[in-house]
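No experiment lies behind these values; they were computed from the predicted model shown.
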Amino acid sequence: MAAIEVDVAIIGGGSGGYAAARTAVSRGLTTAVVDGAAQLGGLCILRGCMPTKALLHAAEVYHQMQRSQVWGLRAGEVGYDFARVMERKNRLIGDFAAYRQQQLTEGKFRLLRAPARFLDPHTLDLGPAGTLRARAFVIATGSVQAPAPLPALDQADCLNSDAALELKQLPKSMVVLGGGAVAIEFAQFFGRFGVQVSVVQRSSRLLKDFDPDAGAVVESVFRKEGIQVYTGTRLLDAGQDGQGKYVEFEHEGQRRRIQAEEIFNGLGRAPNTAHLNLEAAGVKLERGRIVTNDTMQTSAPHIFAAGDCTGPYELVHLAVTQGEVAGANLLAPAPTKRMDYRLLTFVVFSDPQVATVGLTEEEARRSGIAYLAASYPFNDHGKSLIMEALDGHVKLLADPKTGEILGGACVGPGGGDLIHEIVVAMAARMTVQQLAAVPHYHPTLAEIWTYPSEDLASQISG
């Protein structure tokens, strides 16, 4: 069988891979996308962003119905049909996946449904489909569930985010391992649907990659909603017995044991690179992650990477941007695009939502960057008082000399949307003086940004 020959081969048809392919084609490069997954669509659509947010929205609506009395409303008997909740999620994901499949199969590039591994720097083995030779490559194979940090967890038959999305019925109780975005979102989803949830986190706080005040708000809300939270722990054992599943851990100097119907492993994901035989291609790895520069080029000059397989952040909007950067630089005489993480944005879709852009206070202190910070609470803000959404705050960081906005954080209602006002401001390199002068409609949630910006502006101008 003769080898397939193209200018560019993209390995992986998810968000990063599709962005790279679309960009390469726009430059007139003959392009093939190779994807051997059982279903086309990528992690975000099939098992990540979209299905989890569909479930979280259902949980939030149910939660608000249960507390309708705070607005003087009577909702009557409130209940749910878990099968219908999951059916709606499946229907939505089916539509999203069908659209991505249409994009991949509409003929702009060649789609090859086959596994891929490198035979040499320019050749892929596609199994029964033969071989493919290309002048350049983009690796966009995403991530997989990370190995359990404790071998006993494998024996306990834990749920992970993939398995949780396929549940047919809810367990009565659950231990959630981890305190990052995935663990936090699933813990609140299950808790709001009546599952007795305990969160066990190794670090001293939830959401350790955010400032401490963000994790503190989420932990406080979790406790109010009946979710037990254990931080600063060390896992010791896990397993199954006649009473169900259990986790044992050290907490505050004592050995603790929690029994539950299910254990959810939310301890993270790992780059999906083990099957690619990257040594044959001359691609350098670091703890399984593909090493790239700011042009998304790997140690092999003609091979680029994008998305979770390279990082440094597992975020779909970055995967798309990385794919576009890689696609623009393929076979170019000189790089035309580079990654800029100055506007790095994170959102956790808990309730309240947690969102940041740019520098956090911890990062600024760690890097020795001078800054001023000001915050304002939602429990003293008109629109959030109307909404009875009182947990959390907004925060701005600014350069103490120029007033340029260095970072922003929002822990509160609609935080994932509200943070984009600061993303736009930082993209334009606005100062807090300029932001404070922007009219904001009253009463709106977005109006809350005027308070920290005015506070900082007065410090800098004074």
Undergrad: Could you go through Glu279 and Lys284, starting from their C-alpha distance and side-chain angles, then the distance that decides it, and tell me whether this counts as salt bridge (charged side-chain N to carboxylate O under 4.0 Å, His left out)?
TA: CA-CA 7 Å; Glu279 287 184 5; Lys284 181 181 177 182; over 6 Å; no

Undergrad: Any side-chain heavy atom of Thr345 sitting closer than 4.5 Å to one from Ile419?
TA: yes

Undergrad: Could you tell me if the side chain of Cys410 sits less than 4.5 Å from the side chain of Phe378, heavy atoms only?
TA: yes

Undergrad: Distance-only criterion, 3.5 Å: show the donor-acceptor pairs between side-chain atoms of residues 170-194 and protein atoms not counting sequence neighbours.
TA:
unit_1: Ser173; atom_1: OG; unit_2: Glu261; atom_2: N; d: 2.9
unit_1: Glu185; atom_1: OE1; unit_2: Lys53; atom_2: NZ; d: 2.9
unit_1: Glu185; atom_1: OE2; unit_2: Phe349; atom_2: N; d: 2.8
unit_1: Gln188; atom_1: OE1; unit_2: Asp351; atom_2: N; d: 2.6
unit_1: Gln188; atom_1: NE2; unit_2: Glu225; atom_2: OE1; d: 3.4
unit_1: Gln188; atom_1: NE2; unit_2: Asp351; atom_2: O; d: 2.9
unit_1: Arg192; atom_1: NE; unit_2: Glu225; atom_2: OE1; d: 3.2
unit_1: Arg192; atom_1: NE; unit_2: Glu225; atom_2: OE2; d: 3.3
unit_1: Arg192; atom_1: NH1; unit_2: Asp351; atom_2: OD2; d: 3.0
unit_1: Arg192; atom_1: NH2; unit_2: His63; atom_2: NE2; d: 3.4
unit_1: Arg192; atom_1: NH2; unit_2: Glu225; atom_2: OE2; d: 2.6
unit_1: Arg192; atom_1: NH2; unit_2: Asp351; atom_2: OD2; d: 2.8

Undergrad: How about NE2 on His302, more than 12 heavy atoms from neighbouring residues, nucleotides or ligands closer than 6.0 Å, or not?
TA: yes

Undergrad: Side chains of Leu111 and Leu40: does their closest heavy-atom pair fall under 4.5 Å?
TA: yes

Undergrad: Strictly by ring-ring contact (aromatic ring centres under 6.0 Å, His included), give each pair with a member in residues 323-346 just once, sequence neighbours left out.
TA: Tyr313-Tyr341, Tyr313-Phe346

Undergrad: Do Thr273 and Ile290 have side-chain heavy atoms sitting under 4.5 Å apart?
TA: yes

Undergrad: Would Arg257 pass as a cation-pi partner of Tyr246, given that its NZ or CZ must be under 6.0 Å from the six-membered ring centre and within 45 degrees of the axis?
TA: yes

Undergrad: Under 4.0 Å between a Lys/Arg side-chain N and an Asp/Glu carboxylate O for Glu106 and Lys108?
TA: yes

Undergrad: Step through the shown structure and confirm whether more than 12 heavy atoms of other residues, nucleotides or ligands are within 6.0 Å of CD on Glu363.
TA: yes

Undergrad: Taking Glu248 first and then Arg255, would you say they form a salt bridge - that is, a charged N and a carboxylate O separated by under 4.0 Å?
TA: yes

Undergrad: Regarding His251 and Arg256, do their side chains bring together a donor and an acceptor under 3.5 Å, going by distance alone?
TA: yes

Undergrad: Less than 3.5 Å apart, any donor N or O on the side chain of Gln259 or Asp241 sitting next to an acceptor on the other?
TA: yes

Undergrad: Side chains of Pro352 and Val221, heavy atoms from C-beta outward: is any pair under 4.5 Å?
TA: yes

Undergrad: Ala281 and Ala300: which non-hydrogen atoms are nearest, and at how many Å?
TA: O-CB, 3.6 Å

Undergrad: What heavy-atom pair brings Leu330 and Ala136 nearest, and what distance separates the two atoms?
TA: CD2-CB, 3.8 Å

Undergrad: When you check the gap from the basic side-chain N to the acidic O, do Arg205 and Glu362 get nearer than 4.0 Å?
TA: yes

Undergrad: When you look at CZ of Arg202, are more than 12 heavy atoms from neighbouring residues, nucleotides or ligands closer to it than 6.0 Å?
TA: no

Undergrad: Side-chain contact test, heavy atoms from C-beta onward, threshold under 4.5 Å: evaluate it for Thr52 versus Met50 and give yes or no.
TA: no

Undergrad: Looking only at the side chains, is there a donor atom on one of Thr141 and Asn272 sitting less than 3.5 Å from an acceptor on the other?
TA: no

Undergrad: With the threshold set at 4.0 Å, does a side-chain nitrogen-carboxylate oxygen contact exist between Glu361 and Lys395?
TA: yes

Undergrad: Tell me, do Gln101 and Gln39 make a side-chain contact under 4.5 Å, heavy atoms counted?
TA: yes

Undergrad: Could you pull out all donor-acceptor pairs under 3.5 Å where a side-chain atom in residues 231-240 meets a protein atom, sequence neighbours excluded?
TA:
unit_1: Thr231; atom_1: OG1; unit_2: Ser204; atom_2: O; d: 3.3
unit_1: Thr233; atom_1: OG1; unit_2: Gln201; atom_2: O; d: 2.9
unit_1: Arg234; atom_1: NH2; unit_2: Glu250; atom_2: OE1; d: 3.2
unit_1: Gln240; atom_1: NE2; unit_2: Gln155; atom_2: O; d: 3.2

Undergrad: Of Leu278, Leu276, Ile139, Ile11, which is the lone residue that meets side-chain contact (heavy atoms from CB on, under 4.5 Å) with Cys309?
TA: Ile139

Undergrad: As a quick check of understanding, evaluate salt bridge (charged side-chain N to carboxylate O under 4.0 Å, His left out) for Arg135 and Glu5, giving each step before the final call.
TA: CA-CA 9 Å; Arg135 296 166 59 202; Glu5 295 199 13; over 6 Å; no

Undergrad: So which of Thr30, Thr31, Leu29 actually passes side-chain contact (heavy atoms from CB on, under 4.5 Å) with Phe109?
TA: Thr31

